[in-house]
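The next block holds one structure in the form of structure tokens; read it before the comments.
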Amino acid sequence: MSNEKRNIIDYMVVCVNDYAERHGISFVDSFDYLSANKGLDFVEECYDAEHTLSLETALDDIEAVCKRNEGVLV
């Protein structure tokens, strides 16, 4: 596995974990939600830009992508 791919995966884990904490949900529920609503696809596609932002800003961006894909946390 390339270093870049490893960095992207590590960043995804951080995003999933912090998104779970932000919304008071489990890591698994956060992963499922972000995966189903294209949030993780966004992180992978836009990693070069997103990882340079604050984590709060990146999570806001991920949340906006999920909402555009009709994601709703219950």
Side-chain angles (χ1 to χ4, degrees):
M1 179 183 307
S2 72
N3 282 339
E4 180 181 14
K5 192 66 165 174
R6 181 68 183 163
N7 289 341
I8 292 169
I9 291 169
D10 289 346
Y11 187 68
M12 283 181 174
V13 170
V14 168
C15 290
V16 171
N17 187 59
D18 283 21
Y19 196 84
E21 287 181 16
R22 177 189 266 199
H23 291 283
I25 59 177
S26 72
F27 182 86
V28 171
D29 288 341
S30 177
F31 177 85
D32 289 345
Y33 175 79
L34 295 175
S35 180
N37 294 289
K38 310 273 188 242
L40 295 180
D41 292 341
F42 171 77
V43 171
E44 184 174 8
E45 292 168 13
C46 299
Y47 170 79
D48 289 339
E50 289 296 314
H51 86 280
T52 66
L53 305 172
S54 72
L55 192 52
E56 290 301 312
T57 299
L59 292 176
D60 290 343
D61 292 347
I62 294 165
E63 190 162 10
V65 168
C66 289
K67 286 182 180 180
R68 275 197 310 268
N69 286 292
E70 300 183 15
V72 177
L73 281 174
V74 287

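For the single chain, residues carry numbers from 1 onward in sequence order. Note: hydrogens, waters and symmetry copies are ignored here, and every other heavy atom, side chains too, is used. None of the values given here were measured: they were computed from a predicted structure.
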Evaluation steps, salt bridge (Lys or Arg N to Asp or Glu O under 4.0 Å), between D10 and R6: CA-CA 6 Å; D10 289 346; R6 181 68 183 163; 3.6 Å; yes
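- Residue F42 places its CZ atom among more than 12 non-hydrogen atoms of other residues, nucleotides or ligands, all under 6.0 Å distant.
- A chain of hydrophobic side-chain contacts below 4.5 Å, direct or via other Ile, Leu, Val, Met, Phe, Trp or Tyr residues, connects L40 to F27.
- Here the closest non-hydrogen pair linking S26 and A20 is O-CB, 3.7 Å.
- A donor-acceptor pair is defined here as one N or O able to donate and one able to accept, closer than 3.5 Å; no such pair exists between the side chain of Y19 and the backbone of Y33.
- The CG atom of N7 lies 11.0 Å from the CE atom of M1; values are rounded to the nearest 0.5 Å.
- Of the possible donor and acceptor atoms, one in the side chain of T52 sits under 3.5 Å from a partner among the backbone N and O of A49.
- Shortest non-hydrogen contact noted between I8 and E44 is CG2-CA, 4.1 Å.
- Contact between E70 and N37 at its shortest, heavy atoms only, is C-OD1, 4.0 Å.
- Residue D48 places its CG atom among more than 12 non-hydrogen atoms of other residues, nucleotides or ligands, all under 6.0 Å distant.
- Side-chain atoms of S30 do not come within 3.5 Å of backbone N or O of N17 as any donor-acceptor pair.
- Minimum interatomic distance between I62 and C15 (heavy atoms only, all atoms of both residues): CD1-SG, 3.8 Å.
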